[in-house]
**Q** 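A single structure is presented below for examination.
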Amino acid sequence: MTDLFTLAQSELLPQATLLHYLFVSAAMFAIGIIGFLTRRNLIIMFLCTELMFQGAGLAMIAFGRHHLNFTGDVFVIFVLTIAAAEAALALALVVYLFRRKETLNAAEWAELRG
Amino acid sequence: MQFATPFLLYLGVVVGALGVAMALPRRGLSPQAVGAIIAGGGLGLVFLALGLRAGPDWPGIYFYIFSFIGLGAALRMISHPRPVYAALYFILTILASSGLYLLLAAEFMAFALIIIYAGAILITYLFVIMLATQAPVAEEIDVLSDYDRYSREPIVSTLAGFALLAVLTSMLVGGLAEPLHRAGPDRAVTGALLTRKIEPLLTEAYGLPPDAQLVEVEGASVTVAFPSGWGGSEQIQIFRPLSPGETMAFDLPEGATMENIEQIGLTLVGKHPLGLEVAGVILLMAMLGAIILAQKQSQVEEGRKSAAARKGLTTGPEVYP
């Protein structure tokens with residue numbers, strides 16, 4: 001009984017091509033955009049941006065594997081950093097806004113547009 | 001067969017767009033389950049096209065499992081009316097994509113993703129979702145608000161998102177379709193790095209004396225200097241005893257390879273030190289910003305309480321839990 005990692009790298013299971021991973025990452029990004037446009041809850045809109053981060057991160061890891069270096073992994077570390085900072089700030093703002101109007105509806109804050 | 005690939009790809013994208021548009025919640029008739037099945041069929045068509053293009057070797061089953069779980073959970077996340085469930089489905093997406101990272105031989109990032117994303121960031125989201133929910137009114141048990149129940153402009157948004165996906169797919173039509181390198185990244189120790197890791201391995205494999213010094217690592221061979229000479233050991237016989245100060249080349253012992261985390265660390269501090277510093281500054285700024293925002297909130301509440309006290313009113317029941 002081998003573990004999943006060894007099995008995935010072995011001859012038994014052929015590796016997917018770069019295109020497979022790129023398509024999955026692009027689809028994840030597209031679903032994130034659709035969610036950001038359709039959902040009206042402020043928190044879920046931020047969650048959809050995290051989904052777009054995920055799509056970008058998958059593409060970076062796949063490209064790093066393709067070129068056999070680790071820059072992709074390192075940039076995913078930076079993406080995680082940005083995501084953590086964004087979550088802390090954006091969620092603090094969301095709580096602040098919620099206490100003012102008692103709603104998370106993005107349309108309630110439409111007057112914030114320039 | 002190669003001729004049919006672009007058509008299949010775009011057919012898959014169009015079917016997927018149709019399915020996603022149906023899966024989004026709408027007023028009136030919204031066949032969400034049917035839409036999800038159609039979107040899965042679209043994804044299957046795309047994978048069929050990519051597999052035909054890649055040639056005889058189809059990817060292993062795990063790739064399909066993880067990508068179907070990840071994209072399906074992502075779709076459920078943007079279509080689920082309850083925010084808490086949406087966040088939980090996003091955790092499922094993260095678990096699936098860390099499975100994909102494992103297939104891509106990025107073990108460290110796979111587990112860092114689970115720990116940081118699913119463990120820390122998503123829990124913050126869940127906290128805020130529970131914090132920022134209207135208190136349920138007694139006669140109304142179902143507290144789903146209108147803006148969570150129906151999505152805004154599902155068809156137009158789906159068109160916008162899938163137009164982007166179609167453009168990205170056109171890149172895939174022309175892209176190269178070789179399988180990823182089977183062997184994975186080079187795990188040999190490069191240069192004279194990680195000598196402290198090699199030295200004990202060398203001593204164990206060849207029975208070197210305690211004063212032996214590692215001079216150089218070049219490819220798969222190591223040069224070792226013997227300040228007080230050496231006459232061989234049980235593990236390895238040598239043709240003639242070495243005189244003091246002589247050097248000798250050895251093969252790298254078994255296990256003298258770099259782990260994934262060591263390679264990431266070397267890349268991080270060796271090639272991107274500025275990025276590391278900037279990431280630290282960003283985290284510090286985020287922390288300061290969060291502290292300032294939290295202070296402002298408490299000031300707003302105190303101001304409201306003192307205004308109420310000046311009017312001669314009691315503060316009354318706490319409005320904000």
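Every chain is numbered from 1 and lettered A, B, ... according to where its sequence line falls, protein lines coming before strand lines. These numbers come from the heavy atoms of this one structure, side chains and all, not from hydrogens, waters or symmetry mates.
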**Q** Which pair of heavy atoms, one from A:Ala87 and one from B:Tyr125, lies closest together, and at what distance?
**A**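 Reported closest heavy-atom pair: CB-CE1, 4.0 Å.
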
**Q** What pair of heavy atoms forms the shortest contact from A:Phe36 to B:Arg152, and how long is it?
**A**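 Shortest heavy-atom contact: O-NH2, 3.9 Å.
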
**Q** Quick check for you: among B:Ala294, B:Ser157, B:Ala87, B:Gly51, which has the greatest number of heavy-atom pairs under 4.5 Å with chain A?
**A**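 Top count of heavy-atom pairs under 4.5 Å with chain A: B:Ser157.
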
**Q** Heavy-atom pairs under 4.5 Å with chain A: which of B:Val156, B:Val278, B:Ile94, B:Leu268 has the most?
**A**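 Among the listed options, the one with the most contacts to chain A is B:Leu268.
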
**Q** Hey, is CD1 on B:Ile291 packed in by over 12 heavy atoms from elsewhere, all under 6.0 Å?
**A**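 Yes, the 6.0 Å shell around CD1 holds more than 12 heavy atoms from other groups.
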
**Q** Could you check whether any side-chain heavy atom of B:Phe127 comes within less than 4.5 Å of a side-chain heavy atom of A:Leu91, counting everything from C-beta outward?
**A**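 B:Phe127 vs A:Leu91: side chains apart.
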
**Q** B:Phe108 versus chain A, heavy atoms under 4.5 Å apart: side chain, backbone, both or neither?
**A**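 Just the side chain, heavy atoms under 4.5 Å.
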
**Q** Which pair of heavy atoms, one from B:Tyr101 and one from A:Gly57, lies closest together, and at what distance?
**A**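 Shortest heavy-atom contact: OH-C, 3.5 Å.
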
**Q** Does the side chain to side chain contact (heavy atoms under 4.5 Å, CB included) test come out yes or no for A:Phe29 and B:Leu164, once each step is laid out?
**A** CA-CA 9 Å; A:Phe29 194 89; B:Leu164 177 77; 3.7 Å; yes

**Q** Please classify the contact of A:Phe46 with chain B as side chain, backbone, both or neither, using a heavy-atom distance under 4.5 Å.
**A**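 Contact with chain B is through both the backbone and side chain of A:Phe46.
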
**Q** Do you know which of B:Ala160, B:Gly265, B:Ala286 has the most heavy-atom pairs with chain A at a distance under 4.5 angstrom?
**A**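 Of the options given, most contacts go to B:Ala286.
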
**Q** B:Ile155: what forms a side chain to side chain contact (heavy atoms under 4.5 Å, CB included) with it, not counting sequence neighbours?
**A**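 Side chain to side chain contact (heavy atoms under 4.5 Å, CB included) check on B:Ile155 returns B:Arg26.
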
**Q** Could you check which of B:Ile264, B:Val20, B:Thr124 has the highest count of heavy-atom pairs closer than 4.5 Å to chain A?
**A**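 The option with the most such pairs is B:Ile264.
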
**Q** May I have all residue pairs that pass salt bridge (charged side-chain N to carboxylate O under 4.0 Å, His left out) and include part of residues 27-43 of chain A, sequence neighbours excluded?
**A**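 Output for this query lists A:Arg39-B:Asp148.
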
**Q** Could you look at A:Leu37 and say if it's the side chain, the backbone, both or neither that has a heavy atom under 4.5 Å from chain B?
**A**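 Both backbone and side chain.
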
**Q** Find the one option among B:Leu159, B:Val13, B:Leu43, B:Val46 whose heavy-atom pairs under 4.5 Å with chain A are most numerous.
**A**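 The answer is B:Val46.
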
**Q** With the side chain counted from C-beta on, respond yes when A:Ile31 and B:Met77 share a heavy-atom pair under 4.5 Å apart, and no when they do not.
**A**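 No, every pair of side-chain atoms sits at 4.5 Å or beyond.
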
**Q** Apply the test side chain to side chain contact (heavy atoms under 4.5 Å, CB included) to residues A:Gln54 and B:Phe90: give CA-CA distance (whole Å), side-chain angles for both, the deciding distance (0.1 Å), then the verdict.
**A** CA-CA 10 Å; A:Gln54 277 307 304; B:Phe90 186 53; 4.0 Å; yes

**Q** Given a strict heavy-atom distance threshold of 4.5 Å, which part of B:Leu24 is in contact with chain A: side chain, backbone, both, or neither?
**A**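 It is the side chain, since no backbone atom gets that close.
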
**Q** So what's closer than 4.5 Å to chain B heavy atoms on A:Met45: side chain, backbone, both or neither?
**A**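 Contact with chain B: side chain only.
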
**Q** Minimum heavy-atom separation for B:Ile282 and A:Ile82, please, with both atom names.
**A**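 Closest approach of B:Ile282 to A:Ile82, heavy atoms only: CD1-CD1, 3.6 Å.
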
**Q** Select one option (side chain, backbone, both, neither) describing which atoms of A:Glu86 are under 4.5 Å from chain B's heavy atoms.
**A**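 For A:Glu86, the contact with chain B is made by the side chain alone.
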
**Q** A quick test of your reading: do over 12 heavy atoms of other residues, nucleotides or ligands sit less than 6.0 Å from OH of B:Tyr64?
**A**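 Yes - once you tally the heavy atoms of other residues, nucleotides and ligands closer than 6.0 Å, there are more than 12.
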
**Q** Go through the atoms of A:Phe23 and report whether side chain, backbone, both or neither lie under 4.5 Å from a heavy atom of chain B.
**A**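 For A:Phe23, heavy atoms of backbone and side chain both lie under 4.5 Å from chain B.
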
**Q** Heavy-atom pairs under 4.5 Å with chain A: which of B:Pro83, B:Ala290, B:Gly289 has the most?
**A**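 Of B:Pro83, B:Ala290, B:Gly289, B:Pro83 has the most heavy-atom pairs under 4.5 Å with chain A.
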
**Q** Are B:Leu283 and A:Thr81 side-chain neighbours, meaning at least one heavy-atom pair lies under 4.5 Å?
**A**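 Yes. Closest side-chain heavy atoms under 4.5 Å.
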
**Q** Is chain A contacted by the side chain of B:Met285, its backbone, both, or neither, given a heavy-atom distance below 4.5 Å?
**A**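 B:Met285 has no heavy atom closer than 4.5 Å to chain A.
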
